[in-house]
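Note sheet for the following structure.
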2 protein chains.
Amino acid sequence: MQAIDGAVERATLPGLRERKKRRTRNTLTRCALELFARQGYDGTTVDEIAEAADVSQRTFFRYFANKEEVALALQEVEEEVAFAALAARPPHEPPLTALCNAAVASGRTVGEAIEAVVPLGLHLSTQRMIESTPQLLAARLRRLAVLEERFAAEIARREGLDPAADPRPRVLVAACSGVLRAASRVWGEDEDGDLDGLLRLITTYLEQIGPALAEGWRAAPAH
Amino acid sequence: MQAIDGAVERATLPGLRERKKRRTRNTLTRCALELFARQGYDGTTVDEIAEAADVSQRTFFRYFANKEEVALALQEVEEEVAFAALAARPPHEPPLTALCNAAVASGRTVGEAIEAVVPLGLHLSTQRMIESTPQLLAARLRRLAVLEERFAAEIARREGLDPAADPRPRVLVAACSGVLRAASRVWGEDEDGDLDGLLRLITTYLEQIGPALAEGWRAAPAH
DNA sequence: GAGATTATGGCAGTGACTGCCAGTTGCCCA
DNA sequence: TGGGCAACTGGCAGTCACTGCCATAATCTC
C-alpha cells in the first residue's frame, strides 16, 4: 500500500502528520498575505488570520513565532534558494564572480518555489508592503544580516580562509548585499514584475562597485 | 534676572519648558539603560522605567514612540555626530576618503556627547545588548539603513550627481557601512573600551575593500 | 495677572503573545 | 487491529506594549 502511494506522489516520504503541518503552514501564509494585501499589515489581526485559515489563534503562534514571521515567510524561501545557488557555484570561480552568478541563477529559479505557496503578484505586493512598514523592514534587514554571515562563511570556506581572521569575505558580501538591496528597491518602486529588468539592473549596479571606490568621480562619469 | 542666568548657563536660549523636557528625556534614557543592563531588555517593563524616572507610563510614550526607541536613544546621538562629521569634510576630498575621515573624526568626538547622558561603560554594555537582542538589532539595522540613505544623498550632493540616476553613492556607502558594522562587531566581542583599537580596526578593514573585490584571493593573501 | 498652549496623569480598551491544561489525532508496535 | 505513546490542537486566563480620551496642572505670552 505505502509503496503504491509513494510511487504516485513525489517524495511522500513524510507521513500524513508532516504533510498536514506543511499544508496548514502554507494556508496560514496565504491567508495572511491576502489579508495584508487587502487591509494592510497593522489593519490585520492575528485572530483574523487564524480564523481565515480555520485554526485557533494559539495554533497560529505554534507555526509562527510572531506576526512578522508570517509576513516574511516567503523571504525565508528566497534566502534558502539564494544560498543554495551560491553553494552550487563551481569552486574555481572567484568570489565576486560566484556571488554575481548566484544572484542571477537564484533570480531565475526562485519563482516556482514561491508559486507553490502564493501567486507571484501577491508576493510582489508583499515585498512593497515590507519595504514600507517599519517593523517589517527592520525584521527583514535583520534576517538579511544573518544571511550575510552565512554567505561570508561560505565564501571563506570556498577560499580556504579563516573567517574570523580575514575580513575580506564579510567586506565583499556586505558590499554586494548593499548593492542588491539598492537595486531591488529602485526596481520595486516603479516597474512591476519585469524580472529580467531586475536582473539587468543588478548586473549594472554590481559593475559600479569598482568605480565607486575610485577617486575622481567627477573626472570619470559613471557611464 | 534672566540675563544673569543666561550668562551663567551655556546657551540658555530655550525656556524652562524646553530644558525640563530635555531633562526628563535624559532621565528616562538613563533609568531605562540602567534597568536594561541590570535585568535585561525583555525583563524590564515600561512601567518600571517610568516609575524609576518618576513619570507616568503615559508620559513615557510621549517621549518615546516605543520601548525600542529608548534603548536606541544614544545610537541616534551617534548617528547625528557621524553625519555632521561627513558634512564637515572639505569638498575636495574624494568620496571614500571623506567617509573614512568622517568615521575617524566622529569616533573621536562622540564620547563626550554620550557622557552628557550616561557613563560610557553603560553605553558599551547597551551596545552589546542591542547586538544580542533580535528585536533591538532589527530596529538598529533599520535606523542604519535610513542613515545610509542620508549619507548617500550627501555624497551625491558633494559630487554634484543625481542620486536617483547614479548608483555609485549608494554602492559606496553600502560597502563602507557594511565594513564598519563588521569591524565594530568584531571589536565589541572581545575587547572592552579601547577606542583607539576600534579606530585602527576600522581603518584596516576599510583598506580591505579593494582587495576583496579583486580576483585570485588565494594567490594574493590579505596582508 | 488672565488667557492661550502645552505637558502630564489616569483610565479604559485593543491586540500581540505566553503558560497551562485538557482533548484529539496520527504513529508505531505487539 | 487495537492500544499506548507522542505530537498537534483548542481554549482560557494573564501579562505587557501601546493608544485615545479627558481632566488637571504647569509654562508661556501679552
Side-chain angles (χ1 to χ4, degrees), chain A residues 1-3 5-6 9 12-29 31-32 35-36 39-73 133-136 138-139, chain B residues 1-3 5-6 9 12-29 31-33 35-36 39-73 133-136 138-139 142:
Chain A
M1 272 216 290
Q2 289 184 349
D5 284 353
E9 294 283 339
T12 320
L13 300 161
L16 170 60
R17 188 176 272 172
E18 213 53 38
R19 271 176 292 152
K20 222 170 178 177
K21 266 170 60 178
R22 186 187 318 250
R23 190 149 43 88
T24 304
R25 191 185 158 90
N26 285 348
T27 304
L28 277 169
T29 305
C31 292
L35 284 169
F36 291 158
Q39 48 194 41
Y41 179 73
D42 290 322
T44 304
T45 69
V46 172
D47 288 290
E48 286 177 297
I49 300 169
E51 189 184 5
D54 203 42
V55 296
S56 72
Q57 192 223 44
R58 195 66 189 82
T59 294
F60 173 92
F61 282 112
R62 289 202 178 92
Y63 280 88
F64 300 97
N66 46 50
K67 195 173 148 189
E68 296 164 8
E69 204 168 283
V70 69
L72 298 176
T133 306
Q135 190 188 353
L136 290 181
Chain B
M1 273 215 287
Q2 289 186 346
D5 284 353
E9 295 282 341
T12 322
L13 299 162
L16 171 60
R17 186 176 271 171
E18 212 53 37
R19 272 177 293 150
K20 223 171 177 178
K21 266 168 64 178
R22 189 188 314 251
R23 191 152 41 90
T24 304
R25 190 186 158 90
N26 284 349
T27 305
L28 277 169
T29 304
C31 292
L33 297 192
L35 284 169
F36 291 159
Q39 47 194 30
Y41 179 73
D42 290 323
T44 305
T45 68
V46 173
D47 288 291
E48 285 177 296
I49 300 170
E51 189 184 4
D54 202 41
V55 296
S56 72
Q57 191 224 44
R58 195 65 189 81
T59 294
F60 172 92
F61 283 112
R62 288 204 177 89
Y63 281 87
F64 300 96
N66 46 51
K67 194 174 149 189
E68 297 164 7
E69 204 168 280
V70 70
L72 298 176
T133 307
Q135 190 189 349
L136 290 181
R142 201 205 47 157

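Source: prediction; values computed, not measured. Order of the sequence lines fixes the chain letters, A, B, ..., with proteins taken first and strands second; residue numbering starts at 1 for each chain.
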Thr29(B) and Phe64(B), any side-chain heavy atoms less than 4.5 Å apart: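 Yes, at least one pair of side-chain atoms sits under 4.5 Å.
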(Q) Do Arg25(A) and Lys21(A) have side chains that approach each other closer than 4.5 Å (heavy atoms only, starting at C-beta)? (A)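 Answer no - side chains too far apart.
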Rounding to a whole Å, what distance do you find between [X]:[atom1] and [N]:[atom2]?
X        : N       : atom1 : atom2 : value
Arg23(B) : dT8(C)  : CZ    : C1'   : 15 Å
Phe61(B) : dC16(D) : CZ    : P     : 13 Å
Asp42(B) : dA17(D) : CG    : P     : 9 Å
Leu28(B) : dT8(C)  : CG    : P     : 9 Å
Gln57(A) : dT14(C) : CD    : P     : 15 Å
Asp54(A) : dG10(D) : CG    : P     : 8 Å
Phe36(A) : dA16(C) : CZ    : P     : 9 Å
Glu18(A) : dT25(C) : CD    : P     : 19 Å

query: Would you say the base of dG26(C) and the side-chain of Arg19(A) have a donor-acceptor pair closer than 3.5 Å?
result: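 For Arg19(A), whose side chain was compared with the base of dG26(C), there is no donor-acceptor pair (under 3.5 Å).
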Report the nucleotide, chosen from [options], that has the shortest atom-to-atom distance to any side-chain atom of [X].
X        : options                   : value
Asp47(B) : dG9(C), dT18(C), dA17(D)  : dA17(D)
Lys67(B) : dC8(D), dG11(D), dA17(D)  : dA17(D)
Lys20(B) : dG10(C), dT27(D), dT25(C) : dT27(D)
Val55(B) : dG9(C), dT19(D), dC20(C)  : dG9(C)
Thr45(A) : dG15(C), dA7(C), dT8(C)   : dG15(C)
Leu16(A) : dC28(D), dG26(C), dT8(C)  : dG26(C)
Arg58(B) : dG19(C), dG20(D), dA26(D) : dG20(D)

If you look at every strand shown and take non-hydrogen atoms under 4.0 Å, does Phe64(A) touch a base, only sugar-phosphate, or nothing?
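Contact class for Phe64(A): none.
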- Task: Mind checking Phe60(A) for me? I need base, sugar-phosphate or nothing, with any heavy atom below 4.0 Å counting as a touch.
- Result: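 Counting heavy atoms under 4.0 Å across all strands, no contact is made by Phe60(A).
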>> OP1 or OP2 of dT9(D) versus the side-chain N and O atoms of Thr59(A): is any pair under 4.0 Å?
In response: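 Thr59(A) to dT9(D) OP1/OP2: no side-chain N or O under 4.0 Å.
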Inset, instruction - Hey, which sits more toward the 5' end of DNA chain D by its nearest nucleotide, Asn66(B) or Tyr63(A)? - result: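 Its nearest nucleotide lies further toward 5', so the answer is Tyr63(A).
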Restricting to non-hydrogen atoms, name the atom on Val55(B) and the atom on Leu28(B) that form the minimum distance, rounded to 0.1 Å.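 So the minimum-distance heavy-atom pair works out to CG2-CD2, 3.9 Å.
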(request) Could you pick out which residue, Arg62(A) or Val46(A), lies toward the 5' side of DNA chain C when each is mapped onto its nearest nucleotide? (result)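 Nearest-nucleotide comparison on DNA chain C picks Val46(A).
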Give a yes or no answer on whether the side chain of Tyr41(A) reaches the backbone of Glu68(A) with a donor-acceptor pair at less than 3.5 Å.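 Here the side-chain-to-backbone pair exists.
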For Asp54(A), does the CG atom have more than 12 heavy-atom neighbours from other residues, nucleotides or ligands under 6.0 Å away?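 Open.
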Worksheet item: More than 12 non-hydrogen atoms from neighbouring residues, nucleotides or ligands closer than 6.0 Å to CD on Glu51(B), yes or no?
Response: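 Atom CD in Glu51(B) is not packed in, count stays at 12 or less.
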